[in-house]
Amino acid sequence: MPDSSLPPLPAKSSSALERQLAVQRARRPADPLLSLVVPVFNEEESIDIFLTTVEPFLDRAGLRFEIVFVNDGSRDDTLSRLLDCGRRDARIRIVNLSRNFGKEAALTAGIDHARGDILIPMDIDLQDPPDLFIPFIERWREGYDIVYGVRQKRAWDTMSKRLSAGWFYWAFNRMSPVRIPPNVGDFRLVDRRAVEVLRQLPERNRFMKGLFAWVGFNAVGVPYERPQRAAGSSKFNLWRLWNFALDGVVSFSTVPLRASFYGGLAIAAIAALYALFIIGRVLIFGIDTPGYASLLIAVLGMGAIQLLSIGIIGEYLGRLFLEVKGRPIYVVEGVYEDPQPPQA
Ligand code: UDP
Ligand code: MG
């Protein structure tokens, strides 16, 4: 079982942390390239707002930058609008996927194509506020390799989304040996050396929050308030979120498998005790025919537990099947960019 007494991140003595940060601080390039990685799916209304909002913040941060948009098989005008922007500004690059592969795959594609010394994956709907660029970069200069945004209040989310998110983080962190900090999305700054590790992870099931945490290194959180979507609508309904959570748990933890084993063990123990009790009763009081109710309950109960356990095994087996086939995580239709690398 995972050790549930692990302290929260960062879990290092302050002097050890300070020494490691100093080493990294000294290695920071003087003129780093920043890559924003933005997956987009049916977001034609959001592109212009996104660019006009983000660019002043990027200028203020004072770094060379590029913006890598990943068009995740949008069915509206997203691609042509992105291409227009790309023609106007050489710092915008567009990775066009051959169909919709889902946000996690799109983000992976963006991370693979980004050239920056530091990467910031963000959503296009401006729910990830660009005011955080400067605090992110400051913490990175202090020596942290991963700086993540921690959502303070989720005032704009529905009650059910907030509650289910709370349960999810609780359950995930109890089951998985890799801790993910609660209320942290994909919005974060990631140093190149963490990116390189991330790019080596071969799994097809990209639960990015988990993978970012799995990589390790020194991470620190910056609190922020998550605003409402600037335009368009959310692409995640409750069913998609449930499946996302299931993917997350099953790809990071084998506790459900073990839980079904212990459940079976507990039921077997109860059944053995009950059998002893019945045998004793027959020996003392003679044979007693009625009792089909208890029999039926036992049979139905066992049947249910067995189906549940098979279902849990099936979840893992299905994912094993997907991993073993080894298909690529995404397919790129084309990369649209200026042939010149971004200039200062
Ligand atoms: N997105 C994507 N592929 C998908 C679904 C979403 O690339 O299949 C992108 C979407 O365009 C946005 C980001 O992922 O930039 C987050 O999506 P959304 O805002 O709908 O999620 P929410 O904030 O509601 O969780
Ligand atoms: Mg959003």
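Each ligand, and each atom within it, is numbered from 1 in the order the structure gives. These figures come from a predicted structure and were not determined experimentally.
Asn96 places no side-chain N or O within 3.5 Å of a backbone atom of Glu333 that could act as its donor or acceptor partner. Remark: side-chain polar atoms of Ser74 are not paired, donor with acceptor, to backbone N or O of Asn71 under 3.5 angstrom.
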>> Checking Glu337 against Ile94 for the side-chain contact (heavy atoms from CB on, under 4.5 Å) test, could you report, in this order, the C-alpha distance in whole Å, the side-chain angles of both residues, the deciding distance, and whether it holds?
In response: CA-CA 6 Å; Glu337 62 186 351; Ile94 296 129; over 6 Å; no
> Arg151 and Gln127: side-chain contact (heavy atoms from CB on, under 4.5 Å), yes or no, with the steps?
Replying inline: CA-CA 10 Å; Arg151 301 170 191 173; Gln127 284 193 292; over 6 Å; no
> Are Tyr148 and Lys209 close enough, and set up right, to give a side chain to side chain donor-acceptor pair (under 3.5 Å), and what steps lead you there?
Replying inline: CA-CA 10 Å; Tyr148 49 82; Lys209 298 184 204 202; over 6 Å; no
Pairwise, report which nitrogen or oxygen atoms of ligand 1 are under 3.5 angstrom from protein nitrogen or oxygen atoms, and how far apart they are.
residue  : atom   : partner : partner atom : Å
ligand 1 : 3 (N)  : Asp72   : OD2          : 2.6
ligand 1 : 8 (O)  : Asp72   : OD2          : 3.4
ligand 1 : 8 (O)  : Asn100  : ND2          : 3.1
ligand 1 : 8 (O)  : Arg240  : NH2          : 3.1
ligand 1 : 11 (O) : Phe41   : N            : 3.0
ligand 1 : 11 (O) : Glu43   : OE2          : 2.6
ligand 1 : 15 (O) : Pro39   : O            : 2.8
ligand 1 : 15 (O) : Ile124  : N            : 3.1
ligand 1 : 19 (O) : Asp125  : OD2          : 2.5
ligand 1 : 19 (O) : Arg229  : NH2          : 2.9
ligand 1 : 20 (O) : Arg229  : NH2          : 3.1
ligand 1 : 20 (O) : Lys235  : N            : 2.6
ligand 1 : 23 (O) : Gln127  : OE1          : 2.8
ligand 1 : 23 (O) : Arg226  : NH2          : 3.4
ligand 1 : 24 (O) : Ser234  : OG           : 2.5

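No option in Arg64, Arg93, Glu66 other than Glu66 meets the side chain to side chain donor-acceptor pair (under 3.5 Å) test with Ser35.
For the 3.5 Å distance criterion, the side chains of Asn100 and Asp72 qualify, holding a donor opposite an acceptor.
If you count the protein N, O or S atoms nearer to the Mg ion (ligand 2) than 2.8 Å, you get 2.
A salt bridge is absent between Glu44 and Arg75; no separation between the charged side-chain nitrogens and carboxylate oxygens falls under 4.0 Å. Salt-bridge formation is not detected for the pair Asp145/Arg192: no Lys NZ or Arg NE/NH1/NH2 atom is positioned less than 4.0 Å from an Asp or Glu carboxylate oxygen.
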